[in-house]
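Down below is the structure, laid out as C-alpha cells.
Computed over heavy atoms, backbone and side chain alike; hydrogens, waters and symmetry mates excluded.
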Amino acid sequence: MLTTFLTRGQKGCAWGLVFALLGGGTGTVSAQANVYRCVDAEGKVSYQAQACANAQAGQRMDVKGGTDTSTSRNKTVPPNSRGNSEAWNLPFSPSELAQPAPRAMPAPSASPAPTRGTPNQPPAMPTRASQQRVLEPVSTPQGTAQWGADADVIIVSGYEFSASVTKLHVNHPNAPVLLVLTSNGGTQWKVLPSPGTRIKAIVLASNDRRATVLAPPEVPVLNDELPYAVETANVKFRELISKLNARYGVNKVTGYRGGYRLPELVPVSGPFTPDPNLSLEGLRPEVPRVRISFDLMSTDGRRLPWTNTGPKEGKRYTGIIGGGTLGAVSFAVSENGSEAYKLEGNGGTLVWMPQGLGGPSKKVDLPKELPELSWGSGMAWDSRKGVLAIVSFGGEGYFYRYDTRKQQWLGARSLQNRDLYSLALNAETGGYVSISASAELLIFSERGELEEVRPLADLLPDLGSTYDRGNTRLEGLTVAASGNTVAVVNVRNASVTHIWTYELGTRKAQLTYKMLE
C-alpha cells in the first residue's frame with residue numbers, strides 16, 4: 001500500500017521528552033491503555049498511545065472519564081447570579097449606563113504598531129487614581145506573567161458590535177478575574193463589576209486598534225495583539241489561548257462569551273458551560289479501539305512510518321510532513337524508492353522518474369480524449385497491479401487511472417464537482433478513499449467508480465480547532481486506509497496536528513492523536 005499527499009516546505013526537527021500517563025476513551029478502558037504526553041525540543045506537545053522517544057519515568061496523572069482531575073477547580077456560583085440586568089446590584093445607577101463615561105481610556109495609536117520593549121523597560125503599573133493607565137505589551141512583561149495563574153480567566157470576543165458602547169456586566173465573586181477582550185472591530189467596552197467581583201486586570205486587543213475600555217480606575221489595562229475568536233471550537237481560539245499562556249500564564253479559561261456580532265449588553269456570569277476547548281490542551285485524544293499503520297510522505301518525497309496513535313517508534317516528524325495546502329507538489333514513490341512519480345506546476349503535469357527522486361525525469365502526456373488534468377490534489381500507486389490513480393481539484397474534478405507498466409492511460413471519471421484532498425489506496429480491498437473540502441469521506445472502487453460518500457464533519461472530535469470555520473477551507477485533511485479502518489490526518493505547517501480513527505463498519509470516529517502547537 002502506498003499513500004501520497006501534498007507537500008510543503010521543510011525544516012529540521014529534534015526530540016526532547018516529558019511524559020505523563022493519561023487514561024481516557026469512551027466506555028471501559030483497560031488499565032494498560034495509556035496515552036502519553038510528549039514534548040519535543042521546541043516545546044511542542046503531542047498525545048500518543050506509544051511511549052515517547054527516549055522515554056524515562058514521569059509523573060502519573062490519574063484521569064477518570066477523560067478529564068484530568070488534578071487541575072480542576074470546583075467553584076460555585078451564587079444561585080442569584082443570573083445573566084439579566086434585573087439581577088444586578090451594580091455600582092452604577094441605571095441612568096449612568098446610558099451617560100457618557102466620566103473617564104475615557106486612551107485609544108491605541110493606529111500607527112505605528114506597538115513596539116515591544118526589553119526586560120529592563122517594564123510597563124508602568126497603574127495606581128489608584130482617577131485616570132487609568134494603558135500598558136503596552138513588552139517582550140518580557142514585568143508583573144504580568146502570572147496574571148492567568150492568579151485569577152480566573154474570562155474571555156469576551158467577537159467580530160463586530162451592535163453598538164458603539166458594549167456594556168459587560170461581570171459577576172464573578174468567587175475569585176479574582178483576568179478579563180480578556182478581543183475583537184476585529186472597535187467598540188468602547190464598559191466594564192461593570194458586581195459587588196464582590198474583583199477584576200485583577202484587563203487585556204485588550206482589536207484588529208483595527210480602535211477598541212477602548214472603561215473600568216474601575218484601579219484595574220490595570222494592557223493593550224496587546226491577540227486574535228478574536230467567535231467560537232471556542234476554532235483554530236483562532238487555539239491561537240488565542242496559546243498566546244495567553246505564553247504571555248500571562250493562562251492554562252485554562254473559566255468562562256467565554258463570544259459570537260460574530262456582540263449585543264450592546266453582554267452578561268458575564270456563571271455558571272459557565274463546561275467546554276474542553278477552554279483549556280490549553282483542549283480536547284484530549286483517546287486510546288483507539290483499532291490500530292492502523294500507514295506511511296505519510298515527507299516534503300522531499302520520503303515515506304515516513306506512522307500509526308493512528310502517532311509516529312512509529314516514537315520518532316518525531318515536525319515541519320517535514322507533506323500536505324496542509326492545495327497546489328503543492330504531490331509524490332508517489334515505490335516501496336524501495338527505485339521509481340517515482342510527481343505532479344508539478346499547478347498539479348497539471350505528471351512526471352515519471354524511472355530511477356527514483358532526483359534522477360532523470362520524463363513528462364507523461366495526457367491523451368486529447370481525456371479531460372485536461374488541472375490541480376491534481378492526490379495520488380495513490382497500487383504497485384502490485386501497476387496502476388497509478390490521481391484525483392484533481394480543477395473544474396468538476398476527475399479520477400484518473402494510469403497503467404505504469406504499459407505506460408498508457410486507463411480513463412477518467414467525473415468527481416461531480418467535489419473538491420478532494422489526497423487519495424489513498426486500501427490495499428486490502430483494492431479500492432481507494434479520499435476526503436473532500438467539506439470533510440466528506442469518499443469511497444471508490446478499484447476502477448475509480450464512486451461507491452459511497454460519508455459526511456464526517458460532525459463525527460470528528462475537535463475538527464473545528466483545525467481551521468477558521470467560515471473563513472478558511474479544511475485544506476489540511478489527508479487520509480490512509482486499511483480494511484475497515486480509515487485514518488483521517490490533519491496537517492498544518494508541515495506537521496501532523498490531529499489523527500482521527502474512523503471505523504467503516506460501525507461508522508464511529510475517535511480522536512487518537514493530537515499535537516499541542
Side-chain angles (χ1 to χ4, degrees), residues 1-7 297 322-333 340-353 361-427 429-456 473-481 486 488:
M1 168 182 148
L2 181 65
T3 305
T4 61
F5 307 102
L6 305 177
T7 64
M297 297 299 295
T325 187
L326 181 66
V329 177
S330 184
F331 296 102
V333 183
Y341 288 86
K342 73 173 181 178
L343 292 170
E344 290 185 341
N346 68 347
T349 301
L350 179 64
V351 174
W352 174 43
M353 289 163 284
S361 62
K362 178 181 179 181
K363 178 183 176 182
V364 180
D365 293 320
L366 198 70
K368 295 181 179 180
E369 62 268 19
L370 293 183
E372 180 183 1
L373 176 61
S374 176
W375 292 106
S377 54
M379 293 195 295
W381 191 1
D382 188 345
S383 56
R384 298 173 305 174
K385 299 177 182 178
V387 175
L388 178 70
I390 304 172
V391 289
S392 72
F393 200 97
E396 63 181 287
Y398 291 91
F399 189 113
Y400 301 85
R401 295 168 65 239
Y402 177 73
D403 189 325
T404 61
R405 294 172 182 169
K406 297 181 180 180
Q407 298 186 4
Q408 65 182 29
W409 291 92
L410 301 176
R413 296 178 183 274
S414 173
L415 293 176
Q416 303 168 25
N417 294 305
R418 286 187 171 87
D419 296 334
L420 303 188
Y421 295 107
S422 85
L423 182 68
L425 171 70
N426 189 334
T429 66
Y432 302 87
V433 296
S434 185
I435 194 101
S436 76
S438 55
E440 297 172 314
L441 180 69
L442 283 79
I443 303 173
F444 297 92
S445 71
E446 64 178 290
R447 298 178 61 86
E449 302 160 319
L450 180 58
E451 294 182 332
E452 191 175 358
V453 178
R454 297 189 184 185
L456 298 186
R473 285 176 173 266
L474 276 165
E475 291 188 352
L477 295 183
T478 58
V479 287
V486 174
V488 180

For [X] and [Y], work out which heavy atoms get closest and say how close.
X: Ser422; Y: Leu477; value: OG-O, 4.3 Å
X: Ala481; Y: Ala424; value: N-CB, 4.4 Å
X: Leu425; Y: Gly430; value: CD1-O, 4.0 Å
X: Lys385; Y: Glu446; value: NZ-OE1, 2.7 Å
X: Met353; Y: Ser361; value: CG-CB, 3.7 Å
X: Val387; Y: Thr404; value: N-OG1, 4.3 Å

query: Under the criterion side chain to side chain contact (heavy atoms under 4.5 Å, CB included), which of Leu420, Val453, Leu441 is the partner of Ser436?
result: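 The single option meeting the side chain to side chain contact (heavy atoms under 4.5 Å, CB included) with Ser436 is Leu420.
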Identify all side-chain donor-acceptor contacts of residues 363-374 below 3.5 Å with residues at least two apart in sequence or on another chain.
none

field: Arg473: partners by side chain to side chain contact (heavy atoms under 4.5 Å, CB included), with sequence neighbours left out
entry: Phe393, Asp419, Tyr421, Ala437, Glu475
- prompt: Could you go step by step and tell me if Asp403 and Arg405 meet the salt bridge (Lys or Arg N to Asp or Glu O under 4.0 Å) rule?
  reply: CA-CA 6 Å; Asp403 189 325; Arg405 294 172 182 169; 5.9 Å; no
query: Which of parallel (below 30°), tilted (30 to 60°) and perpendicular (above 60°) describes Tyr341 and Trp352?
result: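 Taking Trp352 first and then Tyr341, their aromatic rings lie parallel (interplane angle under 30°).
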message: Angle between ring planes, Trp409 versus Tyr402, binned at 30° and 60°: parallel, tilted or perpendicular?
response: tilted
message: For the CG atom of Leu442 and the CD atom of Glu452, what is their distance to the nearest 0.5 Å?
response: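 So the CG of Leu442 and the CD of Glu452 are separated by 9.5 Å.
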query: Are any of the side-chain heavy atoms of Tyr400 and Arg413 separated by less than 4.5 Å?
result: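 No, their side chains stay 4.5 Å or more apart.
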